[in-house]
Amino acid sequence: MLVYFWGFLYSNYFRFWLKWILRLLTRKCELQRVFDGLKAGAQRTLSIEHSLESSKNKVLRNAVHVEEAEMEKCVRDVMKEKKIEQEDTGFKTNLHISLLQISGYKKLYLNVENLRKVPYDSDNEEHEEQLIELWNLLMPHENLKARITKQWCDIGFQGDDPKTDFRGMGLLGYFSKHYTDEARQILSHSNHPKLGYSYAIVGINLTEMAYSLLKNGALKSHLYNVVSGLPQMEHFHQFYCYLVYEFDKFWFEEEPESIMHFNQYREKFHEKIKGLLMDCDVILTLQNTKKP
């Protein structure tokens, strides 16, 4: 209760006067102070995002939602509102990059959300081709005997037709295509006689984890450090690859008694990743592997 009360007082009263005093002392607005005091990366962009969203100025608040085509005009408008010389190219460049990251993150989330809503369609030729490609990448020395076959269980599906439980096809396929050796290695691990798990089902489960971290904003620290501009679907795919690779390591380090405890260890892994993402300097990518 006290924390909430203090937060209310700070946001509605103290913050305004603190900014006013600092502006008198430094002759710079909050945005300028952030750019001068912090290096490029997540901490800077998160601070800029918070400053804009907390502003009582409508132009500044709307800046976090601007489309890429309107970015330059938005930067000029912000500089005009804050009485910053248009010739200040350093500020202009830094704000432009930060706004690209902020608006790009929102757009990436919408793109992932839209993709997530598309169900697997066995009548869709592209969907079927991606499914067959996944098999060929993971099982290069074994041909599918039929489209509907128990062979799918060999890569971790639950039945003879993957469409019944296949979500996140694009993410799983991306990992298998761009990190083929690692994907095959993890598939091999998943067949361990004691610590084995269903590779495809676990991989699909991790797509939900990646999505939830993107949705609640936890992934901002990683993406703002990795991308100096618009985050793209590829960057989300690469983060997913990190999750799959690291979960496999985590699973074998923990040595669960049974696959029946999967949800417990999944949540423990989820908490570990959320903890890592709280570090403003974090970058979660596969190390010592080939890049796509």
Pairwise distance OH(Y224) to CD1(I97) - rounded to 0.5 angstrom: 13.5 Å

Would you check if N94 and I48 make a side-chain contact, meaning some heavy-atom pair closer than 4.5 Å? no

For K107, is there an ion pair with E68 - N to carboxylate O distance below 4.0 angstrom? no

Do I84 and K28 have side-chain heavy atoms sitting under 4.5 Å apart? no

Please walk me through it: do I186 and F247 pass side chain to side chain contact (heavy atoms under 4.5 Å, CB included)? CA-CA 10 Å; I186 293 172; F247 178 81; over 6 Å; no

Just one of D248, N205, N191 clears the side chain to side chain donor-acceptor pair (under 3.5 Å) bar with Y197, so which one? D248

Report the C-alpha distance between E234 and V227 in whole Å, list the side-chain angles of each, state the deciding distance to 0.1 Å, and finish with yes or no for side chain to side chain contact (heavy atoms under 4.5 Å, CB included). CA-CA 11 Å; E234 179 182 358; V227 191; over 6 Å; no

Evaluate the side-chain proximity of F236 to L219: yes if any heavy-atom separation is below 4.5 Å, no if none is. yes

Among Y242, F250, Y245, the one residue meeting ring-ring contact (aromatic ring centres under 6.0 Å, His included) with F269: F250

Would a 4.5 Å heavy-atom cut-off, applied to side chains only, mark E125 and E128 as touching? no

Find the distance between OG (S221) and CG (L276) and round it off to the nearest 0.5 Å. 9.5 Å

Do W152 and L131 touch side chain to side chain, with heavy atoms closer than 4.5 Å? yes

Euclidean distance, L115 CG relative to K117 NZ, rounded to 0.5 Å: 11.5 Å

Decide side chain to side chain contact (heavy atoms under 4.5 Å, CB included) for E255 and L195; before the verdict, give the C-alpha distance in whole Å, the side-chain angles of both, and the deciding distance to 0.1 Å. CA-CA 7 Å; E255 297 186 350; L195 300 175; 4.1 Å; yes

If Ile, Leu, Val, Met, Phe, Trp and Tyr residues are connected whenever their side-chain heavy atoms lie under 4.5 Å apart, and connections chain through other members, are I155 and I148 in the same group? no

Looking only at heavy atoms, what is the nearest atom pair of R61 and K56, with distance? NH1-O, 3.0 Å

Tell me, with the steps shown, if R116 and E208 meet salt bridge (Lys or Arg N to Asp or Glu O under 4.0 Å). CA-CA 9 Å; R116 180 172 171 267; E208 287 299 312; 3.5 Å; yes

Table please: side-chain donor-acceptor pairs of residues 133-146 below 3.5 Å, with sequence neighbours left out.
residue, atom, partner, partner atom, Å
W135, NE1, E142, O, 2.8
N136, ND2, I132, O, 3.4
E142, OE2, Q151, NE2, 2.9

side-chain contact (heavy atoms from CB on, under 4.5 Å) against K73, all qualifying residues, sequence neighbours excluded: E70, R76, D77

Would you confirm whether T207, through its side chain, and I204, through its main-chain N or O, come within 3.5 Å as a donor-acceptor pair? yes

Atom of L284, atom of H222 and distance for their closest heavy-atom approach: N-ND1, 3.0 Å

Check for me, please, whether M260 and I201 land in the same ILVMFWY cluster - side-chain distances under 4.5 Å, paths through other members count. no

Are K92 and E72 close enough for a salt bridge, meaning some N to O gap below 4.0 Å? no

Over 12 foreign heavy atoms within 6.0 Å of CD, E271: yes

To the nearest 0.5 Å, how far apart are CD in Q238 and CG in L223? 10.0 Å

pair M278-K274: side-chain heavy atoms closer than 4.5 Å: no

Could you check whether E49 pairs with K220 (Lys NZ or Arg NE/NH1/NH2 to Asp/Glu carboxylate O, under 4.0 Å)? yes

Which label fits F91 and F35: parallel for a plane angle under 30°, tilted from 30 to 60°, or perpendicular past 60°? perpendicular

For K106, look at atom NZ and say whether over 12 heavy atoms of other residues, nucleotides or ligands are found less than 6.0 Å away. yes

Which pair of non-hydrogen atoms, one from F252 and one from H189, has the smallest distance, and what is that distance? CZ-O, 3.2 Å

I'd like to know whether NZ of K215 has more than 12 heavy-atom contacts from other residues, nucleotides or ligands below 6.0 angstrom. no

Side-chain donor-acceptor pair present, E113, Y211, cut-off under 3.5 Å: yes

Backbone of A42 reached by a side-chain donor or acceptor of T45 within 3.5 Å: no

Side chains of C280 and L46, heavy atoms from C-beta outward: is any pair under 4.5 Å? yes

What are the two closest non-hydrogen atoms of V66 and S103, and how far apart are they? O-CB, 3.3 Å

Between F262 and S198, does a side chain to side chain contact (heavy atoms under 4.5 Å, CB included) hold up when you go through it step by step? CA-CA 10 Å; F262 171 76; S198 298; over 6 Å; no

Could you tell me whether K249 and E246 make a salt bridge, using a distance below 4.0 angstrom between a side-chain N and a carboxylate O? yes

Rounded to the nearest 0.5 Å, what's the gap from NZ on K82 to OG on S55? Could you check? 6.0 Å

Do F239 and I273 make a side-chain contact, defined as non-hydrogen atoms from C-beta onward lying under 4.5 Å apart? yes

Name all residues meeting the side-chain contact (heavy atoms from CB on, under 4.5 Å) criterion together with N114; count only those two or more places apart in sequence or in a different chain, and write none if there are none. none

Minimum-distance pair of heavy atoms, taken over all atoms of G217 and Y105: CA-OH, 3.4 Å

Which heavy atom of M79 sits nearest to which heavy atom of E85, and what is that distance? CE-O, 3.0 Å

Check: S47 main-chain N/O paired with H50 side-chain donor or acceptor under 3.5 Å: no

So CG of L243 and CG of L286: to nearest 0.5 Å the spacing works out to 9.5 Å

